[in-house]
Amino acid sequence: AQSVSQHNHHVILSEAASLELGCNYSYGGTVNLFWYVQYPGQHLQLLLKYFSGDPLVKGIKGFEAEFIKSKFSFNLRKPSVQWSDTAEYFCAVNAYSSASKIIFGSGTRLSIRP
Amino acid sequence: DTAVSQTPKYLVTQMGNDKSIKCEQNLGHDTMYWYKQDSKKFLKIMFSYNNKELIINETVPNRFSPKSPDKAHLNLHINSLELGDSAVYFCASSQLQGAYGYTFGSGTRLTVV
């Protein structure tokens, strides 16, 4: 069965620090990969997505992610975080063979100290 | 215009009651979903409908019954509510069965007392 692992449960950074959130998935076939963000009290919004092509994808608000097929990873990065980036971040996978569903990781809570 | 709208936003009810949550999307998507987010923020799929046909029915108590009158609407009815049903329920929609990601509704926070 597919699964998505986000190893960092809670990350605390100061403003202007660099961010990298880990995401690994288990599925040997073709996948589409996503990062979603959930600001406090709000719904999930799509940050970025990877389908094919350039493994380095850029999303909104200065976020980017790199797909490394050999490592089954899709880590999220941002060079300099802001206080407004405080949120829950979810990595997600849609496997081509799955019956129409996206599997979400358990989420990483990001807290930014002003 | 809100792309995926859910009502109500908040729902507080007593154990044993029956309640419904409604969801509507105006994106022309062909697939709709219900996800449950627990207090630890874990997201678990419950149901999925593609063009009014149920295609995903995860291990969910049969007190939960989805209904899709048309491909723009997916409602969730819950019978005999229990304390453990307290959670945030998110509706989502997608095209091509999720291949390009979901658009989520704003969620319904259900509290059973």
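Lettering of chains follows the sequences in order, A, B, ..., and the numbering in each one begins at 1.
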If you draw the axis of the six-membered ring of A:F63, does the NZ or CZ of A:K78 fall within 45° of it and under 6.0 Å from the ring centre?
yes
Among side-chain atoms of A:H10 and A:S111, is any donor-acceptor pair under 3.5 angstrom?
yes
Which region of A:Q42, side chain (C-beta onward) or backbone (N, CA, C, O), has a non-hydrogen atom less than 4.5 Å from a non-hydrogen atom of chain B, or is it both or neither?
backbone
Say whether B:H77 and B:S20, considering side chains only, have a donor N or O and an acceptor N or O under 3.5 Å apart.
yes
B:T31 versus B:N50, side-chain donor and acceptor atoms under 3.5 Å:
yes
So for A:Q45, is it side chain, backbone, both, or neither that comes closer than 4.5 Å to the heavy atoms of chain B?
neither
Heavy-atom cut-off 4.5 Å, strictly under: side chain, backbone, both or neither for B:E58 against chain A?
side chain
